[in-house]
Amino acid sequence: MGLYYGLLHAVKLNIKILDVFGDSKLVISQCSGAYKVKNKKLLEIFNLIKSLEAKFDKIEYFHVYRENNKI
């Protein structure tokens, strides 16, 4: 849900190019297309995220290891 709300806020700010850095390998891999979303509940959220992605000209996902994401 954090990613969803972050994207929603970026859309409201009219941001068109976005780099997303996240420490959840699962979320980043699912959103970048490397992993499939199998869980039905997560699939609902994933579909919301994908609908928001269409509002950006460019969006990229980057995984950050948790030990490098302490700030």
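Everything numeric here is computed off the predicted structure, so don't read it as measured data.
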Listed by chain and number, what are the ring-ring contact (aromatic ring centres under 6.0 Å, His included) partners of F62, not counting sequence neighbours? F21

Could you pull out all donor-acceptor pairs under 3.5 Å where a side-chain atom in residues 35-44 meets a protein atom, sequence neighbours excluded?
| from | atom 1 | to | atom 2 | distance (Å) |
| --- | --- | --- | --- | --- |
| N39 | OD1 | K41 | N | 2.9 |
| N39 | OD1 | L42 | N | 2.9 |

Same cluster or not: L7 versus L26, using hydrophobic residues (I, L, V, M, F, W, Y) connected whenever any side-chain heavy atoms lie under 4.5 Å apart? no

Enumerate the salt bridge (Lys or Arg N to Asp or Glu O under 4.0 Å) contacts for residues 6-32, please, sequence neighbours excluded, ordered by first and then second residue. D23-R66

Side-chain donor/acceptor pairs under 3.5 Å, residues 49-57, sequence neighbours excluded:
| from | atom 1 | to | atom 2 | distance (Å) |
| --- | --- | --- | --- | --- |
| K50 | NZ | C31 | O | 2.7 |
| K50 | NZ | E53 | OE1 | 3.0 |
| K50 | NZ | E53 | OE2 | 3.2 |
| S51 | OG | L48 | O | 2.6 |
| E53 | OE2 | Y61 | OH | 2.5 |

From H63 NE2 over to S32 OG, what is the distance, rounded to the nearest 0.5 angstrom? 10.5 Å

hydrophobic_cluster_shared for Y4 and F46, side chain cutoff 4.5 Å: no

Do H9 and Y5 come close enough that some side-chain heavy atom pair is under 4.5 Å? no

Derivation and outcome, side chain to side chain contact (heavy atoms under 4.5 Å, CB included), residues I28 and V64: CA-CA 9 Å; I28 297 300; V64 177; over 6 Å; no

Taking the side chain as C-beta and beyond, is there a heavy-atom pair between M1 and I45 under 4.5 Å? yes

